[in-house]
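Quick notes on the structure that follows.
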Amino acid sequence: MLTRWTRGRRPSNQACSLWLRGQPPSVAARRQGGTMTGEAVVATAAGGVVTDIEETPPLLLRAMRRLHVDGGRHPVDYHSMDAESIGPIRSDLLAWYYEKRRALPWRFTTPAADGEEQNRRAYAVWVSEIMLQQTKVATVVDFFVRWMRKWPTVEALAGASLEEVNEMWKGLGYYSRARRLLAGAQHVVGKHGGRLPSTAAELRAEIPGVGEYTAGAISSIAFGRVEPAVDGNVVRVVTRLRAVGVPYGASSRGGDRSIAETARALVDPDQPGDFNQAMMELGATVCTPQRPLCDGCPVRHHCLANAERLAAAAESAAAAAADQSGVKSTVSDFFKPTPAASTRGGGQKRKSPGGAEARAAAWKAKYGSAFELAAEVCSTCLPLDGEACLGSVTIYP
């Protein structure tokens, strides 16, 4: 509900509605699941309207509260993912993937006919993932096609010499990858009869050169196992979905474990391979490191980082509208500050966080070069101690 507020009459915080000037846009066309979309909230704010709580998407409301309650301090569960959002994330992402995915030679669009076909696919996925390490997709495509023509099966590769493999690899660089691939193929043929194990645990334990990510990719894509495949693209998608800012691999506070657990919980049990590839595709083409294409993202309505972006935009738009109308009220007027959370057992309130620059400096000093991976430190959140949250890094487009 949008209600009008004329000059001199201030609505209650409970009403949480404000009309400063102009006419509201068509609300009915902007609905999503009974509420307005985040983009519609920003649009109405620009028109001098702050949306009622009942009309505001819950995720955006959560982000707004974080921006305006106690200087942004919030509990750990701020970053948690609602269980009811997992199903919609899966369906929205898969629908987008089936429509937008790139045609790549190591991708399969039909189920494997039998065990032999599964093994051939597992080998193809293995080769592609090793080639893609530290190499762009556009470069890998031609190399992969030539490789598979020469060595279409793991048995064929196992019979090759190191000189032949190095010659085929020329131009990809990092020749140790080629050596590990050859050694792995020889191990599969000698110890496993030419058949790759189907589970991620077996792949990691038994095949030289296969790590956690590659094992997850092979087991899910080729064998349909419900395993996550967590590469850099997936880490970026997951951390933005939850607005978590701990650089992956750089923290001992459980950031890595938390990200991996979220990635595992998201995997679609019916289409794990397609889902993992969809996550990677999203990270590579939409949820990019710099200037992500949030407006075209299929899961933007489930993304807490995007909600933070829209919350900030709504506040800015409302402030601008308030300035023009002469009524000094913005989104933040409707969120009363609450006392800071107390530390365990001590009962003493936390000190208010310092300025954004000080927090950014503290983050960089703690994590060093890993800070660069996280891009921009959110101005209201930084893990200050063991009781604080993991931290929120929002990269705005």
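Since we're looking at a predicted model, the values are computed, not measured. Computed over heavy atoms, backbone and side chain alike; hydrogens, waters and symmetry mates excluded.
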Problem - I218 vs E129 side-chain heavy atoms within contact, under 4.5 Å - result: no
Problem - Cation over ring face, R177 and Y174, 6.0 Å, 45° - result: no
Handout entry: Trace of the side chain to side chain contact (heavy atoms under 4.5 Å, CB included) decision for Y123 with N119
Key = CA-CA 6 Å; Y123 168 65; N119 198 55; 5.9 Å; no
Handout entry: Heavy-atom side-chain contact between M81 and I86 under 4.5 Å
Key = yes
Problem - Stepwise side chain to side chain contact (heavy atoms under 4.5 Å, CB included) check, N276 with V267 - result: CA-CA 7 Å; N276 283 336; V267 177; 3.8 Å; yes
Practice task
Without swapping roles, check the side chain of T139 against the backbone of T135 for a donor-acceptor pair under 3.5 Å.
Solution key: no
Handout entry: Which atom of V125 lies closest to which atom of F108, heavy atoms considered
Key = CG2-CE1, 4.1 Å
Practice task
Could you state whether Y98 and F275 fall into the same hydrophobic cluster, counting links through intermediate Ile, Leu, Val, Met, Phe, Trp or Tyr residues with side-chain heavy atoms under 4.5 angstrom apart?
Solution key: yes
Exercise for the section: Could you tell me whether a side-chain N or O of W169 sits under 3.5 Å from a main-chain N or O of G173, the two making a donor and an acceptor? Expected result: yes
Handout entry: Interatomic distance, L59 atom CG to D82 atom CG [nearest 0.5 angstrom]
Key = 7.5 Å
Handout entry: Pairwise distance CD(Q133) to OH(Y213) - rounded to 0.5 angstrom
Key = 8.5 Å
Practice task
Report the residue from V299, L266, N233 that forms a side chain to side chain contact (heavy atoms under 4.5 Å, CB included) with M279.
Solution key: L266
Exercise for the section: Would you check, one step at a time, whether the test side chain to side chain contact (heavy atoms under 4.5 Å, CB included) holds for W106 with M148? Expected result: CA-CA 10 Å; W106 50 83; M148 295 303 291; over 6 Å; no
Practice task
Side-chain contact test, heavy atoms from C-beta onward, threshold under 4.5 Å: evaluate it for V230 versus M280 and give yes or no.
Solution key: no
Problem - NZ/NE/NH1/NH2 to OD/OE distance under 4.0 Å, K150 and E167 - result: no
Practice task
For S198 and R225, test the side chains for any donor-to-acceptor distance below 3.5 angstrom and give the result as yes or no.
Solution key: yes
Problem - Row check, F143 ring normal vs R146 NZ/CZ: under 6.0 Å, within 45° - result: yes
Exercise for the section: Would you confirm whether N306, through its side chain, and C294, through its main-chain N or O, come within 3.5 Å as a donor-acceptor pair? Expected result: no
Exercise for the section: Kindly compute the distance separating CD (Q277) from CG (L104), expressed to the nearest 0.5 Å. Expected result: 8.5 Å
Completion exercise
All heavy atoms of R180 vs all of G209, minimum pair found to be CD-CA, 4.1 Å
Fill in the blank from the handout: Heavy-atom nearest pair, A222 first then Q118, reads O-CG, 3.5 Å
Fill in the blank from the handout: In this structure, CG of L93 is separated from CG of D268 (nearest 0.5 Å) by 9.5 Å
Problem - 4.5 Å side-chain heavy-atom contact, M168 and W151 - result: yes
Completion exercise
What one should report as the nearest heavy-atom pair of V165 and A160 is CG2-CB, 4.0 Å
Practice task
Could you tell me whether the side chains of T262 and R242 share a donor-acceptor contact shorter than 3.5 Å?
Solution key: yes
Handout entry: Side-chain heavy-atom pair V188, R195 within 4.5 angstrom cut-off
Key = no
Exercise for the section: Could you please spell out the steps behind the salt bridge (Lys or Arg N to Asp or Glu O under 4.0 Å) verdict for D231 and R236? Expected result: CA-CA 9 Å; D231 70 346; R236 187 164 56 255; over 6 Å; no
Exercise for the section: Go through the steps for L172 and M131 under the test side chain to side chain contact (heavy atoms under 4.5 Å, CB included), then give the verdict. Expected result: CA-CA 8 Å; L172 278 176; M131 286 185 172; 4.0 Å; yes
Practice task
Look only at the side chain of S219 and the backbone of G216, and say whether a donor-acceptor pair between them is shorter than 3.5 Å.
Solution key: yes
Exercise for the section: Decide, yes or no, whether a salt bridge links E261 with R264 under the criterion of side-chain N to carboxylate O below 4.0 Å. Expected result: no
Practice task
Could you check if a side-chain atom of N166 sits within less than 4.5 angstrom of a side-chain atom of E163, using non-hydrogen atoms only?
Solution key: no
Exercise for the section: Please answer whether the main-chain N or O of P88 pairs with a side-chain N or O of S91 as donor and acceptor at a distance below 3.5 Å. Expected result: yes
Practice task
Flag yes if more than 12 heavy atoms outside Y175 fall under 6.0 Å of its OH atom; otherwise flag no.
Solution key: yes
Practice task
Determine whether L132 and F144 make a side-chain contact, defined as any pair of heavy atoms from C-beta on separated by less than 4.5 Å.
Solution key: no
Exercise for the section: Measure the shortest side-chain to side-chain distance between C297 and L282 over non-hydrogen atoms and say whether it is less than 4.5 angstrom. Expected result: yes
Problem - Nearest heavy-atom neighbours spanning P197 and I207 - result: CD-CD1, 3.8 Å
Problem - Nearest-0.5 Å distance, CD of residue Q186 to CG of residue L162 - result: 9.0 Å
Exercise for the section: Scan for ring-ring contact (aromatic ring centres under 6.0 Å, His included) pairs involving residues 178-204, sequence neighbours excluded, and state none if there are none. Expected result: H187-H192
Exercise for the section: Begin with the C-alpha distance, continue with both residues' side-chain angles, and end with the deciding distance and a verdict on salt bridge (Lys or Arg N to Asp or Glu O under 4.0 Å) for R102 and E281. Expected result: CA-CA 8 Å; R102 293 169 292 177; E281 187 81 346; 2.8 Å; yes
Completion exercise
Output for pair (L304 CG, E308 CD), nearest 0.5 Å, gives 5.0 Å
Exercise for the section: Write down the atom of D92, the atom of P298, and the distance for their closest heavy-atom approach. Expected result: CB-O, 3.6 Å
Exercise for the section: Without swapping roles, check the side chain of R204 against the backbone of A215 for a donor-acceptor pair under 3.5 Å. Expected result: no
